[in-house]
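Chain letters run A, B, ... following the sequence lines, proteins first and then strands; every chain starts at 1. Excluded from the calculations below are hydrogen atoms, water molecules and symmetry mates; all remaining heavy atoms, backbone and side chain alike, are included.
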Amino acid sequence: MELIRKTFESIRWGEYSLLALYISVLSGVVVGLQYDPSTPLYSVSTLDMLVPFGAYFRSLHFYSSQLFFLFCICHVIGIFSLAQSYSSRQWIMLTATLPVALLILFTGYVLRGDSTGFSAGMIAEAILLDIPYIGATINDLFFSISENGMKRIYLNHIISFGLLWGWLAWGHVKKYKVAFNNHIILAISIFAFSIFITAPLEPDHLGVTHINGPWFFLGLQELLRYLPPLVAGVFVPITLLIAIAYLQTKNKSFTPLFLFIICWLLLYAILSIIGLNR
Amino acid sequence: MACPDTKKHSATKRKFLLICASIAALYPISRFSGYSIPRKPRIVEITQSLPDGGFHLGRDFILFDNGDSTWALSRKCTHLGCTINYHEKDSILECPCHQSRFSKKGDVLHGPAKKPLTRYNVEKLKDDGGYIVTI
């Protein structure tokens with residue numbers, strides 16, 4: 001067990017995530033040259049079927065972004081003991097990068113405009129609109145799909161959320177430089193994987209009885225079946241974020257918070273499995 | 001030379017003013033982003049007449065004609081807004097996200113949705129000329 005822990009901690013997850021981020025941003029710029037938010041599904045379908053190398057660049061953007069998020073999670077776990085020297089403010093800001101990264105991932109998913117992406121966007125909008133007093137304003141700022149289509153979500157995906165992530169993480173990431181030369185195998189793997197595996201796209205089919213959201217959304221989608229949107233979509237996720245933000249060994253409530261996070265994640269995994277098997 | 005307490009007080013004051021200014025700035029931003037240009041009702045024309053008991057599936061609506069009456073329902077699920085589909089075999093409308101079910105008239109048959117589907121105005125044109133749906 002100790003060997004596994006040490007091996008895991010010795011892996012340079014932070015550098016891997018930065019490399020994946022570089023590839024994600026660069027491929028995102030390339031995809032953006034052809035993507036049109038006014039006709040999202042048509043645009044993505046055209047990318048996949050007509051534009052030379054369109055499917056490749058979309059896959060590269062999709063998989064590098066997914067990897068970036070997964071590596072970030074591994075990085076947080078891997079450096080957890082080292083990060084105990086961070087101040088509470090530093091820790092809160094850095095852990096806040098995770099939900100922001102997830103939001104960027106999610107908006108990218110919605111921007112596909114296919115049946116599942118569009119539905120996921122509509123669900124997010126419905127959740128926001130259920131927040132009393134400020135929900136409508138938050139929706140107007142970040143989503144507003146019903147009123148504005150993909151216009152605002154696209155703007156936030158490529159600029160606002162990226163800036164927010166950068167502001168939260170800049171103090172941390174500016175210290176590190178990641179050269180492609182040092183991670184050639186990983187870089188080649190991402191580039192090669194994207195050649196063979198096309199990023200998912202699910203066009204609207206008549207009579208579809210069940211659609212699943214992205215992998216990180218499955219548990220929430222299932223929970224929304226039983227609980228009101230405000231509870232399932234806002235209160236439940238916020239409890240996890242608050243618990244992570246205060247998860248430092250110097251806090252007296254470290255052990256209960258740690259147990260809460262484990263239970264939360266286990267429950268979410270169970271809900272995701274249920275959702276996946278429907 | 002200013003004493004450390006005065007300096008600290010001044011910094012706190014500046015921070016407080018900055019927070020107040022940021023909150024004040026949110027008001028025009030929220031008004032700006034929340035404004036939606038009033039839009040005219042969208043009119044969709046279906047040029048073909050439907051057989052008795054037939055239906056037409058549009059992007060945003062579904063139109064039914066049972067011979068005696070015609071009606072159109074929104075395809076936006078009243079639970080969380082996913083796009084519902086029509087299952088002709090069972091004569092039900094079902095949401096693929098959480099499987100809320102609605103009758104052909106738009107009434108809730110099975111939750112989690114609680115409200116019926118929105119109805120749109122339909123005008124049946126004379127001489128089998130089709131329909132006009134106002135969204």
K.L.:
More than 12 heavy atoms of other residues, nucleotides or ligands under 6.0 Å from CD of B:Gln48: is that the case?
P.N.:
no
K.L.:
How long is the span from the CE atom in A:Met122 to the SG atom in B:Cys82, to the nearest 0.5 Å?
P.N.:
8.0 Å
K.L.:
Which region of A:Ser146, side chain (C-beta onward) or backbone (N, CA, C, O), has a non-hydrogen atom less than 4.5 Å from a non-hydrogen atom of chain B, or is it both or neither?
P.N.:
side chain
K.L.:
In Å and rounded to the nearest 0.5 Å, what is the CD1 to OG distance from B:Ile84 to A:Ser119?
P.N.:
11.5 Å
K.L.:
Could you check which of A:Thr137, A:Leu224, A:Leu141, A:Asn212 has the highest count of heavy-atom pairs closer than 4.5 Å to chain B?
P.N.:
A:Leu224
K.L.:
Going by ring-ring contact (aromatic ring centres under 6.0 Å, His included), name the residues that satisfy it together with B:Phe61, two or more places apart in sequence or in a different chain.
P.N.:
none
K.L.:
Suppose a student defines contact as a heavy atom less than 4.5 Å from any heavy atom of chain A. Which residues in residues 22-33 of chain B would they list?
P.N.:
B:Ile29, B:Ser30, B:Ser33
K.L.:
With a 6.0 Å cut-off (strictly less than), is the heavy-atom count around NZ of A:Lys250, excluding the residue itself, greater than 12?
P.N.:
yes
K.L.:
So which bits of residues 91-105 of chain B come within less than 4.5 Å of chain A, counting non-hydrogen atoms only?
P.N.:
B:Glu94, B:Cys95, B:Pro96, B:Cys97, B:His98, B:Gln99
K.L.:
For the CG atom on B:Asn121, are there more than 12 heavy atoms of other groups (residues, nucleotides or ligands in this structure) within a distance under 6.0 Å?
P.N.:
no
K.L.:
Within a reach of under 6.0 Å around NE2 of A:His210, are more than 12 heavy atoms found that belong to other residues, nucleotides or ligands?
P.N.:
yes
K.L.:
Are more than 12 heavy atoms, taken from residues, nucleotides or ligands other than A:Lys175, located less than 6.0 Å from that residue's NZ atom?
P.N.:
yes
K.L.:
Inspect the surroundings of OH in A:Tyr246 and state if more than 12 heavy atoms from other residues, nucleotides or ligands are less than 6.0 Å away.
P.N.:
no
K.L.:
Answer with side chain, backbone, both or neither: which region of A:Gln221 has an atom nearer than 4.5 Å to a non-hydrogen atom of chain B?
P.N.:
both
K.L.:
Table please: side-chain donor-acceptor pairs of residues 226-244 of chain A below 3.5 Å, with sequence neighbours left out.
P.N.:
{"residue": "A:Tyr226", "atom": "OH", "partner": "A:Glu222", "partner atom": "OE2", "Å": "2.6"}
{"residue": "A:Tyr226", "atom": "OH", "partner": "A:Arg278", "partner atom": "NH2", "Å": "3.1"}
{"residue": "A:Thr239", "atom": "OG1", "partner": "A:Val236", "partner atom": "O", "Å": "2.5"}

K.L.:
Go through the atoms of B:Lys76 and report whether side chain, backbone, both or neither lie under 4.5 Å from a heavy atom of chain A.
P.N.:
side chain
K.L.:
What part of A:Ile145 lies closer than 4.5 angstrom to a heavy atom of chain B: side chain, backbone, both or neither?
P.N.:
neither
